[in-house]
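Note sheet for the following structure.
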There are 2 protein chains.
Amino acid sequence: MRLFSLVDRNKPSLARQSRDYLPSQAIYRAGADGLAWRVKSGVVRLDAAGKSGEASFASLAIAGDIVGCETMLFGVYTFTASALTPCELTPWPEGKSATAGDSLLASLALAQQRAADLVALRGGQASDRVLGLIRLLADGAGRVILPTRQDIADITDLRIETISRIIKGLERASILLPLKMQGIHATRGYSLHFAHAA
Amino acid sequence: MRLFSLVDRNKPSLARQSRDYLPSQAIYRAGADGLAWRVKSGVVRLDAAGKSGEASFASLAIAGDIVGCETMLFGVYTFTASALTPCELTPWPEGKSATAGDSLLASLALAQQRAADLVALRGGQASDRVLGLIRLLADGAGRVILPTRQDIADITDLRIETISRIIKGLERASILLPLKMQGIHATRGYSLHFAHAA
DNA sequence: CGCATTTTTGATACACGTCAATCTCCGTGG
DNA sequence: CCACGGAGATTGACGTGTATCAAAAATGCG
């Protein structure tokens, strides 16, 4: 529930600053007040608060998406946000002519596109959903940092055991290679080999 | 692909006018150009165009939602829109100070809320998904006009037979009553009895 | 090194999918 | 007014993709 101090301990003040989060770190909680943010990199998970405190997956935000903009209307966050991969957020709206037309319009269009992506991740065969998520999260070079199996399961509405079986399968089929194998130390980092994947 | 004429045959001109659609009617098609719209009433289905022409369910829009705003950025629609129940749309942005801050911001927040609703309709037990959709579509008085079984199936990622069994079950449990029984003629119109429902 | 957490694997169960017949509307035309 | 036809809805019997449950096996970390 606490509000993040607007004063960063490293960089001396300047109030509206970008922030970094590590996987599983809370970004903000439903009901609290705070700023709206734009996701610069990484993957953010949004959860709706159920009656009895339990959080249920509600949405996903990736680079470019705006999160928490409802605070600007209601004063409090509707969802709880947490980091699924290392990620960086900056306060929104950015600088000067920010709230102006085109920027906001682009954000609206992006939000609708993201909603369609999410819908696709929750329908069809289990392996297609997981592959769909991996593709959504992969960068141009085919590198991905995956969320934990549990988070992938929540996003795709599958079970953790099912996710594990599918990802192991992709590894065995050489579609997904752990970066660790290539000497790079990045937990849950993989390289995706499109060639094989449909 | 055709563009709807901006001149309505009934009401003499005034260019930017609201439009009515009947279930299963196409509103606009992906790739075509046209205006952005706000849904005043009814339920609109958005489909992403697959490689080979087939349409796959992408999103849902209900009263208050904006659809097709991407034309204002890209010049063409990203999705294909069609009516699932009788519905009315008006051109957007509305009138004067339209594109201004708050209205757009509210639309963005609403879009994100809708995305979360959609996600909830595609996870968990089959009967909960269907009930969730019915609740989403019901008006304050517990009246609903449901889409066809096929459309409900597409939205919830279930099969038409499963939907049929679940809805018949709700009818038998007196949670959902066909309005027809009450002498009102409205195909697929029901009244929802919250009392029994969870 | 040793513990807690996450991931993997196997065996079995069940919710929903699939296939195939009806059945119910409704509009159409004789 | 009724036979006809087509689209949507319902129902039953059976199959299967994931969920479940239960144990190992990895992995990360102090």
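Protein chains get the first letters and strands the later ones, always in sequence-line order, with residue 1 at the start of each.
- Residues B/Leu170 and B/Leu136 fall within the same hydrophobic cluster, defined by Ile, Leu, Val, Met, Phe, Trp and Tyr side chains chained together at heavy-atom separations under 4.5 Å.
- For the segment residues 150-161 of chain B, residues with any heavy atom less than 4.0 angstrom from an atom of DNA chain C are, sorted by number, B/Asp157, B/Leu158, B/Arg159, B/Glu161.
- Both A/Ile163 and B/Arg165 lie near DNA chain D, and the one whose nearest nucleotide falls closer to the 5' end is B/Arg165.
- With sequence neighbours left out, the side-chain contact (heavy atoms from CB on, under 4.5 Å) criterion links A/Val44 to A/Ile27, A/Val39, A/Leu46, A/Ala61, A/Ala81, A/Cys87, A/Leu89.
- When DNA chain C is scanned 5' to 3' for any atom under 4.0 Å from a heavy atom of chain A, the first and last hits are C/dT7 to C/dA11.
- Judged by distance alone, with hydrogens and angles left aside, the side-chain atoms of A/Arg129 form a donor-acceptor pair with the main-chain N or O of A/Gly124 at under 3.5 Å.
- Here the range on DNA chain D touched by chain A, meaning any atom under 4.0 Å from one of its heavy atoms, is D/dT18 to D/dG28.
- Overall, the helix from C/dC1-D/dG30 to C/dG30-D/dC1 carries an axis bend of 40° between its ends, with five pairs at each end and the value rounded to 10°.
- Take A/Glu88 and apply the salt bridge (Lys or Arg N to Asp or Glu O under 4.0 Å) test, not counting sequence neighbours, and it matches no residue.
- One hydrophobic cluster holds both A/Ile155 and A/Leu158 under the rule that ILVMFWY side chains link at heavy-atom gaps under 4.5 Å.
- Interatomic distance, CG of B/Leu105 versus CD of A/Glu70, reported as 9.5 Å (0.5 Å rounding).
- Between A/Gln125 and A/Arg188, the residue anchored closer to the 5' end of DNA chain D is A/Gln125, taking for each the nucleotide with the nearest heavy atom.
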